[in-house]
Protein chains: 2
Amino acid sequence: MSQGHTDVPVEARNPEVCTVYDVLNRVSGKWSIGILVEATHGPVRFTELERNVRGISRRMLTLTLRNLERDGLLVRTVYPTVPPRVEYVATDMARELYRSLVELTGWAERHRAAIAAAREAYDRANDRGEPERA
Amino acid sequence: MSQGHTDVPVEARNPEVCTVYDVLNRVSGKWSIGILVEATHGPVRFTELERNVRGISRRMLTLTLRNLERDGLLVRTVYPTVPPRVEYVATDMARELYRSLVELTGWAERHRAAIAAAREAYDRANDRGEPERA
DNA sequence: CGGTATCCTTAACGATACTG
DNA sequence: CAGTATCGTTAAGGATACCG
């Protein structure tokens, strides 16, 4: 096999892997990005998020908000009124991340057609009844 | 600035959300990036990947490879020798993606300390017995 | 209004025996 | 060597009742 190659694991050889994996973990999850985008546009309330991030459940909204806050991507502000008012807003760090995500968007848009074509080709080539897929 | 906001859902207002979510889905998953990195460095064999991407199981290696291939990020080449030789290599599209991921790495590295601090602060502030977490 | 607590379903992942 | 098949486990997410 490839004789000359070192035995050191990929994570050691490519520290970027861990790092990028790390940030991906932070932002992966079905809802993080939607919330991040909303909170990047300006302070937003819990109920607003519940409405604007379509399809999210209360539970996941809370969980995702807590995680983003914990990572320093969101700031949560409570106004002690009745009824309570809570606002979430993206931090500078998160806005910077947002810009990198826009980069990714660019990639996705540039290659959207190619990816679709690749999938079709793959599915056609391997066609065993594989029914429709979203 | 809450009241004046439109009623159109976040996906409609921010098409980037869907797109970036899409690409994230493609690259999320515990192993995609590790494999992608390896295959970006040059053609790599199944067994090499199994060794170099530490901790991956055979099953996940196969599944992830198939998905990446299906999306047109990897090309699989079979050399009909005995024993068989199969090589995977990243496509140009994948290499471009890789560069965007490196961008993300930059973000992660720049803010690594801030994130760690945010977490500590958060955990300290909310400390109810929450035991150690990786 | 802004959450928690609880229960349930699904999808991702891990281990490993077997095979052309 | 490069997989597939089958099993079991864990984690992510969904629904929703309840609460300060």
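A note on names: the letters A, B, ... follow the listed sequences, proteins ahead of strands, and every chain is numbered from 1. For clarity, every value in this text was computed on a predicted model and none was experimentally measured.
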As a check of understanding: the bend across the helix from C:dC1-D:dG20 to C:dG20-D:dC1, end axes from five pairs, rounded to 10 degrees, works out to 40°
Would you tell me if any nitrogen or oxygen in the side chain of [X] comes within less than 4.0 Å of OP1 or OP2 on [N]?
| X | N | result |
| --- | --- | --- |
| B:R45 | D:dA2 | yes |
| B:R76 | D:dA2 | no |
| B:Y88 | D:dC1 | no |
| B:T62 | D:dG3 | no |

Heavy-atom nearest nucleotide on DNA chain D taken for B:R66 and for A:S28; more 5' hit belongs to B:R66
On a heavy-atom basis, the closest approach of A:S100 and B:L104 is CB-CD2, 3.5 Å
Heavy atoms of A:T64 and A:M60 approach each other most closely as OG1-O, 2.6 Å
How many Å lie between [atom1] on [X] and [atom2] on [N], as a whole number?
| X | N | atom1 | atom2 | answer |
| --- | --- | --- | --- | --- |
| B:L74 | D:dA2 | CG | P | 14 Å |
| B:L61 | C:dA12 | CG | P | 17 Å |
| A:R26 | D:dA12 | CZ | P | 14 Å |
| A:I35 | C:dG2 | CD1 | C1' | 14 Å |
| A:N126 | D:dT4 | CG | C1' | 14 Å |
| B:E50 | D:dG3 | CD | P | 10 Å |
| B:E87 | D:dG3 | CD | C1' | 16 Å |
| A:N67 | D:dA11 | CG | P | 14 Å |

Atom pairs under 3.5 Å, N or O on each side, protein against nucleotides 14-20 of chain C: can you list them with distances?
{"unit_1": "C:dG14", "atom_1": "OP1", "unit_2": "B:K30", "atom_2": "NZ", "d": "2.8"}
{"unit_1": "C:dG14", "atom_1": "OP2", "unit_2": "B:W31", "atom_2": "NE1", "d": "3.0"}
{"unit_1": "C:dG14", "atom_1": "N7", "unit_2": "B:R59", "atom_2": "NE", "d": "3.3"}
{"unit_1": "C:dG14", "atom_1": "O6", "unit_2": "B:R59", "atom_2": "NE", "d": "3.0"}

Electrostatic pair B:R124-B:E120, nearest N-O below 4.0 angstrom: yes
| Are the charged groups of B:E50 and B:R45 less than 4.0 angstrom apart, N to O? | no
Can you find a heavy atom in the side chain of [X] that is under 4.5 Å from one in the side chain of [Y]?
| X | Y | value |
| --- | --- | --- |
| B:V27 | A:L24 | yes |
| B:L63 | B:W31 | no |
| B:V86 | B:R76 | yes |

- Query: Should B:V89 and B:I35 be counted in the same cluster of Ile, Leu, Val, Met, Phe, Trp and Tyr side chains packed under 4.5 Å apart?
  - Reply: no
By side chain to side chain donor-acceptor pair (under 3.5 Å), A:R66 pairs with (sequence neighbours left out) A:Y88
